Protein chains: 2
Amino acid sequence: MRVSLKDVAEHAGVSIKTVSNVVNNYQHVTPATRQKVQRAIDTLGYRPNLTARHLRKGRTGIIALAVPELGNPYFAELAGAVIDAAAEHDYTVLLDHTQGRRERELLVAQGFSTRVIDGLILNPLELEAEDLAARTDDAPLVLIGERRYDLPYDHIAIDNIAAARAAVRHLLDLGRRRIAFLGARRDRPSQPAHLRLLGWQAELAASGVAADEALVARVEGWDRADGAAAMAALLDDGQRPDAVFAYNDLVAIGAMRVMAERGLRVPEDVAVVGFDDLTEGRYGMVTLTTVAPDKQAIARLAVESLVGRLSGELAAPGRPRQLQPHFTLLERESTLGRAPR
Amino acid sequence: MRVSLKDVAEHAGVSIKTVSNVVNNYQHVTPATRQKVQRAIDTLGYRPNLTARHLRKGRTGIIALAVPELGNPYFAELAGAVIDAAAEHDYTVLLDHTQGRRERELLVAQGFSTRVIDGLILNPLELEAEDLAARTDDAPLVLIGERRYDLPYDHIAIDNIAAARAAVRHLLDLGRRRIAFLGARRDRPSQPAHLRLLGWQAELAASGVAADEALVARVEGWDRADGAAAMAALLDDGQRPDAVFAYNDLVAIGAMRVMAERGLRVPEDVAVVGFDDLTEGRYGMVTLTTVAPDKQAIARLAVESLVGRLSGELAAPGRPRQLQPHFTLLERESTLGRAPR
DNA sequence: ATGAAAGCGCTAACAC
DNA sequence: GTGTTAGCGCTTTCAT
């Protein structure tokens, strides 16, 4: 924390401004002066104080990313991708996880580390539109994730309804008819997981298959244990689905473990489709068919969106953009072969 | 970015200092004044500019954590724990991942986001002692992870040799004798994975079992795919281990997948022990026996160590501390039952 | 091409 | 109990 511009200036016998010019690679500096200053910088081991620079410039070069849970590999991978994308724009990333708790999400939306960050990428789970509308912090915000709000913020997410429909379509094509949905939450229309549930209903309806509400299993969270509990509850309830569409891969993996314990074969007895394309799904007892969102694209678009707002290119705050990266359905062992007759 | 202390002061008809006193909850302010100022703060929507505060105080309240790879659930979980521990000390966490590449580790060690961070927690993989010794950045540094350096930095890690020995001991107790080690790297004594390999050798030696170098499988990285490749190579080489001790759970999971594909049963034919206690290991084809480091303790100790240095309590930089959190061996299905005779 | 000086928003001495 | 003032280290007019 020692040496400042002033020290270097004195050492080199020039003014502060000149040193600043050298440090910032300003054009009009004579080679001789530049060299002299550079030498002083090297001997003194000067490193610019970014905090001061930030104060002066009004920006910090730091953006924040808040995801529900780093223990979920999907968010961990996404975080990694965001860090890489941010680095390309010379931003560093402050990371927080909200644990899917409303008060933490609120805290983050309200002004995470007030003013040390230039902008925020947030993946809300529990936050309602009014929470976000009441936001007073003026740092630009970009939303990611399944939930949609009618608010003046850019939003990056794949088309969750279409993705869910593709998954259910695949199961229907296999001849499955009793397709369970694992991972619904509450009954609010704005609930998390709502869009995927909607996709499930829509695709069944389009194929003239009755959507049996008894086949919708509710969960507390979306981890492996929740998937296991939901599947167990479904089976204990006497339900006998011939396929499962899970909210995400973790839920699917938990469900598959329960099925294995109870002697149900995947995919023979029950075909399974997950969501997220976790690497883990490629190494389980049975490799997992899954909806694969383009995580790199999500990260890249979120960062570009935010950086665009920050640089003023995309100033108009009244024109939020809805960006939808691609997804693909990756067919693996868990949906191999047609339904038993 | 609008309203500053000055604006509030003018609005409330008091001095800047008084507003500052209120904002910082300074004792000696009359309730009347406090209320008046608070009202001004509320109406104007004032929020302190942390950058300015940081510049003045010489610290930012941000610490950095650099891990090899967020895609590895171990590091993702650890990162989550560090974020939580840091929050308890009013620090936020800037996260970076080095992808286990030396130049990125070097960059981080040299001065990650120069001076925006107060200190750094680093988990090096490829960095050598001289790299770290040549470090010029003066932000306090705390090291975590398997590798050990004789340098003046605190280091937090479980006793990797003892942990590896416990794993091998467990396999020996089961009657296994041809115990492979999956996950060695190069031949440098300081190589990553060295301590666990050393533990493997030591425990075999202590039991009078010959350490067969042909049973040491080398890897490029430590992900599932690397474990799969290593196991395949071992089998292709004609080796027939009756047990596998893997560098970590991901390597173990990759290896188990290959064994399943080749008709080898776990644990009947090959018992498997991993390392890290990933949740994933509890939901695989066979639940995975593993060495479970106390991640919460590692995160807590690393943060406390760093915060201690920052607050000056643990000033003496010449006295690095080696802290060793506990570990436990969690026995699961992958090592159930004795060896076939 | 380089220098002088102001000021980003805040805290900490030191007055009163 | 409250006000004044001087910087923290940097960038940025405006001179020269």
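Below, chains carry the letters A, B, ... as their sequence lines are ordered, and counting in each starts from 1. As the structure is a computational prediction, the values presented were derived from the model and not from experiment.
In this entry the distance linking CG of A/L50 with P of D/dG9 reads 13 Å, nearest Å.
Applying the side-chain contact (heavy atoms from CB on, under 4.5 Å) test to A/I16 and every residue at least two apart in sequence or in another chain returns A/L5, A/K6, A/A9. Applying the salt bridge (charged side-chain N to carboxylate O under 4.0 Å, His left out) rule to B/E128 yields the partners B/R147, B/R188; only residues at least two apart in sequence or on another chain are considered. Every residue meeting the salt bridge (charged side-chain N to carboxylate O under 4.0 Å, His left out) condition with B/R102, not counting sequence neighbours, appears here in chain and number order: B/D131. Annotation: side-chain contact (heavy atoms from CB on, under 4.5 Å) contacts of B/A85 (sequence neighbours excluded): B/V303. Residues satisfying the salt bridge (charged side-chain N to carboxylate O under 4.0 Å, His left out) criterion with A/R101, sequence neighbours excluded, are A/E103. Under the side-chain contact (heavy atoms from CB on, under 4.5 Å) criterion, A/E88 pairs with no residue at all, not counting sequence neighbours. Partners of A/Q296 according to the side-chain contact (heavy atoms from CB on, under 4.5 Å) rule, which considers only residues two or more places apart in sequence or in another chain, are A/A81, A/D294.
Comparing the start and finish of the helix from C/dA1-D/dT16 to C/dC16-D/dG1, five pairs each, the helix axis swings through 40°, to the nearest 10 degrees.
Side-chain contact of A/R135 with A/Y153: a donor-acceptor pair under 3.5 Å is present, judged by distance alone.
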Annotated protein contacts, base or backbone, on nucleotides 11-16 of chain D with a non-hydrogen cut-off under 4.0 Å, one of B, S, - each: BBB---
Check: residues 32-40 of chain B side-chain donor-acceptor pairs under 3.5 Å, at least two apart:
{"from": "B/T33", "atom 1": "OG1", "to": "B/T30", "atom 2": "OG1", "distance (Å)": "2.4"}
{"from": "B/R34", "atom 1": "NH2", "to": "B/Y26", "atom 2": "O", "distance (Å)": "2.9"}
{"from": "B/Q38", "atom 1": "NE2", "to": "B/D42", "atom 2": "OD1", "distance (Å)": "3.2"}

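Evaluation of the side chain to side chain donor-acceptor pair (under 3.5 Å) test over residues 70-86 of chain B, restricted to residues two or more places apart or in two chains, returns A/H97-B/D84, B/E77-B/K295.
Remark: A/T33 in residues 32-40 of chain A come within less than 4.0 Å of DNA chain C through at least one heavy atom.
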